[in-house]
Structures are given as C-alpha cells and as structure tokens.
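Chain A is the first sequence line, chain B the second, and so forth, proteins listed ahead of strands; every chain is numbered from 1.
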Amino acid sequence: MPEVNEKTEYMDFIREAVAEDLRTGRFKEVHTRFPPEPNGWLHIGHAKALFVDFGVAQDFGGKCNLRMDDTNPEKEDMEYVEAIQRDIKWLGFDWEDRLFFASDYYETLYELACKLIRKGLAYVDDLDEEQIKEYRGTNVPDKNNITYTPPGKNSPWRDRSIEENLDLFARMRAGEFPDGSKTLRAKIDMAHPNLLMRDPVMYRIRRMPHYRTGNTWCIYPMYDFAHPLSDAIEGITHSLCSLEYEIHRPLYDWFVSNCEVFPSRQIEFARLNITHTVLSKRWLLQLVREKKVSGWDDPRMPTIAGMRRRGYSAAGIRDFLGRIGIAKTDSMVDIQLLEHCIREDLNASAQRYMAVLNPVKLVIENWPQGRVEWLDAVNNPENPQAGMRKIPFSGTLYIERDDFRENPPPKYYRLYPGNQVRLRYGYIITCTGFDKDPATGEVTEIRCTYDPATKGGDAPDNRKVKGTIHWVSADHAVPFEARLYDYLFEAERPMEVSEGKTFIDNLSDHSLTVEKRAVAEPALRELAVGQTVQFERLGYFCKDPDSTNERAVFNRTVTLKDSWTKLEKKLLANG
RNA sequence: UGGGACGUAGGCAAGCGGUAAGCCUCCGGAUUUUGGUUCCGGCAUGCGCAGGUUCGAAUCCUGCCGUCCCAGCCA
C-alpha cells in the first residue's frame, strides 16, 4: 500500500524531465554519471554537480557512475584522479564499483570514428589550425564595421574517398604524420548557424604520453566526440551538465544518432557561482602555481579539500547544496548562505572549549594564593548527551584582549574599570584596575576581585550581569597557533576587474591572520587532527595536519555570528 | 553579427490561468552563564519593459530591452 502523501516533494526541472521520461517510456531506468577531467581538484561547484548527478539517480532508484573524462594528455594526472575520489567519498557520494575512464574507451571510440568514415560522415583534413579557423567563418567586419558570421567554406580535403580517409586515419593512429598536420573531422555542414556543427574536429594528433595509456596513442578524441559515446557505452540515460554545453547538444545528438549508439539525453543546468571566490579550475590552478595559496587544500580555497581542512562538514556542504536549488538562471550565491549551513551543522555537533586568541593577563587579587579549582563545564548545550568536563580555575587567568576596554563604548558590557562580568563557568568578578606599558600604551595586566558566592557563574542574589567572557587559567594554558581566515577576495565578484588588472589583483591582503600566542584549556590536547570544535564566543576551529606533538595548529572554520562587532561598527560610523 | 539560453525582493528560488511559498541577508523584539543558539515579528499592490487575449495573467500571445554562453586541434 502506498503511503499517503505527507507533502509533495519539491521537484526541480531536471527531476521533472526525468520523471516524464520514465512516464513516457523513453527510458526504463535512470543512470547518470559524474564526469570530471582529472586536471585539478574538485571545488564546491563540482559538489553541486555531484549533488545533482548522484541525487537524481538516487531519487529515481538508479545509479551514478564516476567517470574520468581524460581525453587530453596535456593536462591530466593520476594525482588528480586520487584527489577527486578522496573528495567525492568524503562528501558522502558512492559510485560503488563503477569507476570508469574515457581513456579505457579509446579503442571503441576509434572504431566508431571509422564507422562514421565508412558512412561518409567523417574525413581526414589537412588544414592547419589557422586555416580551420578561417574556413569555419568567424567574425568578419562588414563595410559598416558591424561584425557578422558568414557561412564557412568546405575544406578542400572534405571529399576524399572513404578508402583514403580510412587509410589516412589509420596512418594518423600509426604515427605517420606530425602533430597538428591532420585532424579527423565530422562532415556536417559548414554553413550551419551553430558554429559547433561546422565540421567539428573529432581527433587531433598529439605526441605526448598520457598518464594512463602512455605512448599507446598519438591521436586523441575531442570532448564533443568522446563524451556522448562514453555516455552511450555506459548506458547513461541522463547526461547532466552545465549550461555552457547547451549549444553542444545538437552535436551530442548528432554523434549519438549517426554512430547508432544508446541515446542518452543531455540536460543542462546553471553552474554554481559564489561571492568572494572564484570557481574555475583554471583560476584555482593559477592561485596554486603562483603560490598565492599553500596548495589545492589551502583552507581559503573553495576546493572540497580546502573546505575539509578548514573544518567545513560534509553534512553542512550537502545542506547548502540542497538549499541553493537547481535552475537555468545564471546565479551568484551569497557565501553567507554556505557559512550559515556550516554554522548550523557545527552548532549541533561541535564540542565546546575555551580558548583565548589574543591573551592579556587577569589577576584576581582576593584569590587564595596557589589555589586551583576544577569547575564543571558543559560540552555542548545543544546536546546534553555530550556530557561535562572539568576546567581548572586559578588566581591568574588569560582573557581576550578585546574583552577589556579602558574606555568602553556605549552598550559595551564586558570588562572595564568598575564593571562586573561573569567568567564563564567560573565566578563573577569586578574590575579594580589595570597596568599599561608606558612606552606602547598596551594593557599588560588587568586586576579584579571575585565574589566567592558566585561559583559556577550563578548569582545567588539574582543580580544582573550582562557580560560573560571566556578565559584560560595561566598555569594550565595550552599554547597553540590559530590561523584566522577571511575571504580570499574582498570583492564580491573577483573576476570583475578594471582595465589592465586581473583577479590576482583582487586578492585580499588579510585573508590569513596567524595568532601565535593563543592559549586554551588543557582538554584541547585530546583533540585529533581534523576534528572541528567550537571555541566559545569565537567560532568553530579545526585541528590542522600541520600540528605537532609539541604545538597544535587550529584553523578557524567560521566565526560565530557576532552582533556586537556589527553594532560597534555602526556606533563608530555614527560617531 | 549569427546561433543558443535566461530575466520573480539585496542574494538564491517556488509558482505551470484563480489573485506572489521557503531559505540566506537585512531590520526590530523576547529568552539566554557563548553579544552564540532558540523564538516571535517586519521586508515584492507586484514578477525586465510595453501592448494584447481573458471575468481573471508572473503564468498565454506580440514587440522591445537587458544579461550570459559559443566562434580551441580544452573540457
């Protein structure tokens, strides 16, 4: 018995099309694929594609293959194949035993090319690169200097006999001709309004060892030829891709129909763009090569590996992917939505700790000499099952430098001379004074008294203490390095640059701040690399692989929402 | 210029002829031992613009305007 519909499930336009195909019988099942080229690491834009490819298959009880779209020996590498698999697994998608390589299809592809030649639908062309471009019919200015696209011209080699083409193509494969001297082209229509249909190149000669096939081949198939046929070989029903391939669809269908192979249906959707970053392997590769970041997994990178190292959770990323939707509109998603999803997930799961990033000493004048108390602290207020832990409290503590002001601005309710504040899980204290370095003006020590009746932070007299600040006992402090990240680009759209500039010029000069003097409560020692926790009042932090036994390194994943900083800025702006 | 697509709030995005969902941001307020979380409330008399059809149009028609993509022997 089918369940009564509790609510109609949201259907994007792709799922609607797939459902329709199933209804009409165009396909009996759903089988998709994720086809990265192993020429760079996956970024959040790929994660969207993964979410669509695997998600659609799953929703319709189908399968999704992982296929390395490796048809260009110049750019591809095994390093990337491994990184790609690692990232997809981490994100939580499973291709089971279906990892494929377009390079495994080279022989089949070659045979299909011969088939097209035999059908008189492909020919070997001797035109060089420049000539091909010229013959294709590109932008030409007319007498009024308005550019237009004239019909292309047929190559003089277009009408070679089938036998000659077959022979030439075989000799191309055998390595008889130099790189670039010949191509195999589909014979379609040199006057077609869609330039892609003007006899597209199917094969080029390129003597370069391929990372998987080595020197077996010196001719390599082009994307437009290899992709639809790879889809067909795998029995892909729905070939989902990004909008820029929309114009390739007629060609996709042409190869499918003329090679007489399984007719996959290509459907295009808008790729992901996010503010304050760039989402293109080419630009990310440039950042890596020019050492603008430490590598593909630099925590500031929008790569999956970067986000993982930064402390983003796979669940948070998946939630984000689900919220942005799928459509055909070119869009630019606010990075704050991603951050919101990460915070929401981490708020529920991350253990809380106390750490001070920029410490200043706080001395409790009436604290008994040498006394240490171990106080109870809640591990995660969102999850009682996370339990409690003990934190040492003593007469000398470190507090955040920003939690004390000599001259407090309006609405500031942290520590300042004469004011009361609660030390989280500790005591309520009153600030009695402070010292400054006469040379620098920097506060060197803050003094206060504590109220013994307020142990744990409760006020028996119900007095109102607005501020609660975090702290670390000086004698028990665990020093560590905190890496604080900000957007890689201050501009919302880094690619929008003025004349003569590039996105590199838009790189922020404060995307990374290192706090080398940070200290934390002793329990921090127990954390493993890769664990993400919350430092109370500061944000979420993830233990970095750069950590050593002597000294831990923590990446700030994302700050907590901070309405005070916002208010203070506003107050400052209004004088 | 030719060809292909897309325009709903600051950013995403539902809506499929019956009178503009939801999320993020932003702005108020309540609770709070994290200025966190949570909770309440506000935020499109209008859907690129102009006409038309209709009792009724974001949805259908016509014409404009704007944005993006293609013109690699990259994918």
Side-chain angles (χ1 to χ4, degrees), chain A residues 10 12 16 35-37 39 69-72 74-75 125 127-129 132-133 136-142 146-152 179-180 182-185 192-198 200-206 220 222-224 226-227 241-250 268 270 275 281-282 320 323-341 343-344 347-348 352 354 378 381-382 411-414 422-426 428 456-459 465-470 492 534-539 559-568:
Chain A
Y10 162 67
D12 52 76
E16 279 176 2
E37 183 188 13
N39 67 345
D69 208 357
D70 52 358
T71 54
N72 185 352
E74 285 178 66
K75 299 179 175 176
D125 194 0
L127 255 29
D128 66 25
E129 208 167 337
I132 285 182
K133 187 173 178 176
R136 184 159 39 223
T138 180
N139 282 352
V140 182
D142 70 6
I146 294 169
T147 58
Y148 70 105
T149 305
D179 286 10
K182 284 180 167 48
T183 57
L184 182 73
R185 294 235 255 165
H192 198 105
N194 180 346
L195 285 321
L196 285 165
M197 298 296 273
R198 321 250 262 222
V201 173
M202 292 165 58
Y203 274 89
R204 73 278 206 180
I205 304 174
R206 195 81 189 84
Y220 291 92
M222 301 288 292
Y223 167 87
D224 282 310
H227 204 86
C241 62
S242 50
L243 245 31
E244 65 261 35
Y245 292 102
E246 203 149 27
I247 194 169
H248 294 247
R249 196 183 338 132
E268 313 83 11
T275 57
K281 276 192 277 189
R282 181 180 162 191
F320 167 74
R323 292 202 209 196
I324 56 175
I326 309 165
K328 296 190 71 164
T329 319
D330 286 308
S331 60
M332 176 68 71
V333 175
D334 193 334
I335 194 165
Q336 290 185 99
L337 175 58
L338 210 206
E339 294 178 337
H340 172 265
C341 295
R343 284 193 187 102
E344 192 170 271
N347 177 52
R352 268 121 256 217
M354 286 212 278
V378 173
E382 305 297 319
K411 301 255 177 80
Y412 183 87
Y413 46 80
R414 301 176 190 176
R422 172 170 31 240
L423 295 172
R424 172 137 244 224
Y425 298 127
I428 292 172
D458 294 310
V465 179
K466 291 211 78 173
T468 298
I469 64 173
H470 58 280
E492 273 200 1
Q534 183 191 105
F535 289 162
E536 295 218 25
R537 299 214 305 135
L538 297 173
T559 61
L560 255 29
K561 277 216 294 204
D562 183 0
S563 55
W564 161 248
T565 301
K566 195 186 285 182
L567 176 63
E568 190 180 26

Work out how far the P atom of U37(B) is from that of A75(B), and round it to whole angstrom.
47 Å
If a pair means Watson-Crick or G-U wobble with both distances below 3.5 Å, what does RNA chain B look like in dot-bracket form, with | marking bases paired to a different strand?
((((((((.[[[..)..(...]]].(((((.......))))).....[[[[[..)....]]]]])))))))....
Spell out, as yes or no, whether a donor-acceptor pair under 3.5 Å connects the side chain of Asn194(A) to the backbone of Ile247(A).
yes
Please tell me which of the listed nucleotides, G35(B), U25(B), A75(B), lies nearest to the side chain of Met222(A)?
A75(B)
Between the base of U37(B) and the side chain of Glu344(A), is one N or O donor paired with an acceptor at under 3.5 angstrom?
no
For Gly426(A) and for Thr183(A), find the nucleotide of RNA chain B with the closest heavy atom, then tell me which residue's nucleotide is more 5'.
Gly426(A)
Contact class for Asn39(A) vs. all strands (heavy atom < 4.0 Å): base, sugar-phosphate, or nothing?
nothing
Counting only N and O atoms by type, is there a donor-acceptor contact under 3.5 Å from the side chain of Arg136(A) to the main-chain atoms of Pro200(A)?
no
Answer with base, sugar-phosphate or nothing: what part of the nucleic acid does Leu184(A) contact at a heavy-atom distance below 4.0 Å?
nothing
To the nearest angstrom, the CD-P distance between Glu382(A) and U32(B) comes to 16 Å
Taking the six-membered ring for Trp, are His248(A) and Tyr223(A) parallel (under 30°), tilted (30 to 60°) or perpendicular (over 60°)?
perpendicular
Does Thr71(A) make a side-chain N or O approach to OP1 or OP2 of A75(B) shorter than 4.0 Å?
yes
Under 4.0 Å: is that the gap between some side-chain N or O of Arg204(A) and OP1 or OP2 of A75(B)?
yes
Please determine, for the side chain of Glu16(A), which listed nucleotide (C16(B), A13(B), U34(B)) has the closest atom?
C16(B)
Can you figure out which of C26(B), G35(B), G36(B) approaches the side chain of Tyr413(A) most closely?
G35(B)
Can you check the distance between C49(B) and G42(B), where both ends of the measurement are the P atom (answer in whole Å)?
26 Å
Regarding Pro381(A), tell me which of base, sugar-phosphate or nothing describes its non-hydrogen contacts under 4.0 Å with the strands shown.
base
With a centroid cutoff of 5.5 Å and a plane-angle limit of 30°, would you call Trp564(A) stacked on G35(B)?
yes
Would you mind checking if Glu37(A) and Lys75(A) are paired as a salt bridge, meaning a charged N to carboxylate O distance below 4.0 Å?
no
Calculate the interatomic distance between Leu338(A) atom CG and G11(B) atom P; express it in whole Å.
18 Å
For a quick check of understanding: with a heavy-atom distance under 4.0 Å over all strands, which category does Glu129(A) fall into, base, sugar-phosphate or nothing?
base
Taken to the nearest whole Å, CG/Asp334(A) to P/C24(B) is 12 Å
Measuring only the C1' atom in each nucleotide, how far is G51(B) from C65(B)? A whole number of Å is fine.
14 Å
Rounded to whole angstroms, how far apart are NZ on Lys281(A) and P on C74(B)?
16 Å
Examine the base of G10(B) for any acceptor or donor lying under 3.5 Å from a partner atom in the side chain of Glu492(A), and report the outcome as yes or no.
no
Under 4.0 angstrom, heavy atoms only, what part of the nucleic acid is Ile132(A) near: base, sugar-phosphate, or nothing?
base
Which nucleotide wins on minimum distance to the side chain of Leu195(A), given the candidates C70(B), C74(B), G4(B)?
C70(B)
With sequence neighbours excluded, tell me which residues meet ring-ring contact (aromatic ring centres under 6.0 Å, His included) with Tyr203(A).
Phe169(A), Phe225(A)
Proximity to the side chain of Thr468(A) - top-ranked nucleotide from G36(B), C68(B), G35(B):
G35(B)
Side-chain N,O (Lys328(A)) to OP1/OP2 (C68(B)) below 4.0 Å
no
Using a heavy-atom cut-off of 4.0 Å across all strands, would you classify Gln534(A) as base, sugar-phosphate, or nothing?
base
Indicate whether OP1 or OP2 belonging to G72(B) is found under 4.0 Å from a side-chain N or O atom of Arg136(A).
yes
Yes or no on side-chain contact (heavy atoms from CB on, under 4.5 Å) for Arg204(A) and Asn72(A), after CA distance, side-chain angles and deciding distance?
CA-CA 10 Å; Arg204(A) 73 278 206 180; Asn72(A) 185 352; 3.7 Å; yes
Separation of G3(B) atom P from Leu243(A) atom CG, nearest Å, is 19 Å
Just checking Lys466(A): base, sugar-phosphate only, or nothing, at a heavy-atom cut-off of under 4.0 Å?
nothing
5'-most by nearest nucleotide on RNA chain B - Ser331(A) or Arg352(A):
Ser331(A)
Exam field: side chain Thr468(A) to backbone Arg424(A), donor-acceptor pair closer than 3.5 Å:
no
Could you tell me the separation between the NZ atom of Lys561(A) and the P atom of C26(B), rounded to a whole number of Å?
7 Å
Which one, A13(B), C24(B), A71(B), comes nearest to the side chain of Arg323(A)?
C24(B)
Could you check if a side-chain atom of Arg185(A) sits within less than 4.5 angstrom of a side-chain atom of Ile132(A), using non-hydrogen atoms only?
yes
If I compare all heavy atoms of Lys411(A) with all of Leu567(A), which pair ends up nearest, and what's the gap?
CB-CD2, 4.1 Å
Options C24(B), A75(B), G3(B), nucleotide nearest the side-chain atoms of Ile247(A)
G3(B)
Classify the nucleic acid contact of Asp179(A) as base, sugar-phosphate or nothing, counting any heavy atom under 4.0 Å across all strands shown.
nothing
With rounding to the closest Å, how many angstrom separate the P atoms on A58(B) and G48(B)?
10 Å
If you compare every side-chain N and O of Thr329(A) against the phosphate oxygens of C68(B) (OP1, OP2), does one of them come in below 4.0 Å?
no
Asn72(A) has an atom CG; how far is it from atom P of C74(B), in whole Å?
6 Å
dist Phe535(A):CZ -> Leu560(A):CG (nearest 0.5 Å) comes out at 12.0 Å
Can you sort out the partners of His470(A) under ring-ring contact (aromatic ring centres under 6.0 Å, His included), two or more places apart, ordered by chain and number?
none
Scan Tyr220(A) against the nucleic acid and name what it touches under 4.0 Å (heavy atoms): base, sugar-phosphate only, or nothing.
nothing
Any donor-acceptor N/O pair, Arg352(A) side chain to Gln534(A) backbone, under 3.5 Å:
no
Base of G51(B) relative to its sugar, syn (within 90° of 0) or anti?
anti
Whole Å only: how far is the CD atom of Glu536(A) from the C1' atom of U37(B)?
11 Å
Considering only heavy atoms and no angle criterion, is a donor-acceptor pair shorter than 3.5 Å present between the side chain of Arg414(A) and the base of G35(B)?
yes
With C1' as the reference atom in both, quote the distance from A9(B) to C24(B) in angstrom, rounded to an integer.
12 Å
Categorize His470(A) for me: base, sugar-phosphate, or nothing, with a 4.0 angstrom heavy-atom threshold over every strand shown.
nothing
Just checking Tyr412(A): base, sugar-phosphate only, or nothing, at a heavy-atom cut-off of under 4.0 Å?
base
From U34(B), A75(B), C12(B), nucleotide with atom closest to Met332(A) side chain
C12(B)
C1' gap between U53(B) and G17(B), integer Å
12 Å
On the nucleotide C74(B), are OP1 or OP2 found under 4.0 Å from the side-chain N or O atoms that Arg206(A) carries?
no
